[in-house]
Amino acid sequence: MMQAARRHNPGRAVAAFTHRGVRPLLLMDTPRILAEAEVEGTTALCTATADGVQCMQTQVVWEQGGA
């Protein structure tokens with residue numbers, strides 16, 4: 001999840017990172033990574049099944065003044 005967030009925010013430094021398991025992602029599930037638009041210096045991402053059921057939720061808070 002951190003790699004996905006950094007890929008879309010190159011050069012920015014991380015101030016905080018939280019990660020929460022909501023539901024297991026099973027072998028039979030087709031995984032996706034979803035992201036929400038940045039709000040006030042944060043990026044919210046989650047892994048989800050093909051049906052959109054969230055599995056892992058992640059929030060990255062970026063340091064102010066980053067690239």
Identify every side-chain donor-acceptor pair in residues 4-11 under 3.5 Å, counting partners at least two apart or on other chains, and give the distances.
unit_1: N9; atom_1: OD1; unit_2: R12; atom_2: NH1; d: 3.4
unit_1: N9; atom_1: ND2; unit_2: A5; atom_2: O; d: 2.9

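- Rounding to the nearest 0.5 Å gives a distance of 11.5 Å between OG1 of T58 and CG of L34.
- Every residue meeting the side chain to side chain contact (heavy atoms under 4.5 Å, CB included) condition with Q54, not counting sequence neighbours, appears here in chain and number order: C46, Q57.
- Each salt bridge (charged side-chain N to carboxylate O under 4.0 Å, His left out) pair with one or both residues in residues 46-57, not counting sequence neighbours, would appear here, but there are none.
- Here the shortest heavy-atom pairing between C55 and P24 reads SG-O, 3.9 Å.
- Shown here for A48 and L25, the closest heavy-atom pair between the two residues is O-CD1, 4.4 Å.
- By the 4.5 Å heavy-atom criterion applied to side chains, Q59 and F17 are not counted as neighbours.
- Counting only residues at least two apart or on different chains, the salt bridge (charged side-chain N to carboxylate O under 4.0 Å, His left out) pairs with a member in residues 13-24 are R23-D29.
- Considering only residues two or more places apart in sequence or on other chains, A15 meets the side chain to side chain contact (heavy atoms under 4.5 Å, CB included) condition with V61, E63.
- Applying the side chain to side chain donor-acceptor pair (under 3.5 Å) test to residues at least two apart or on different chains, the pairs with a partner in residues 39-50 are T43-W62.
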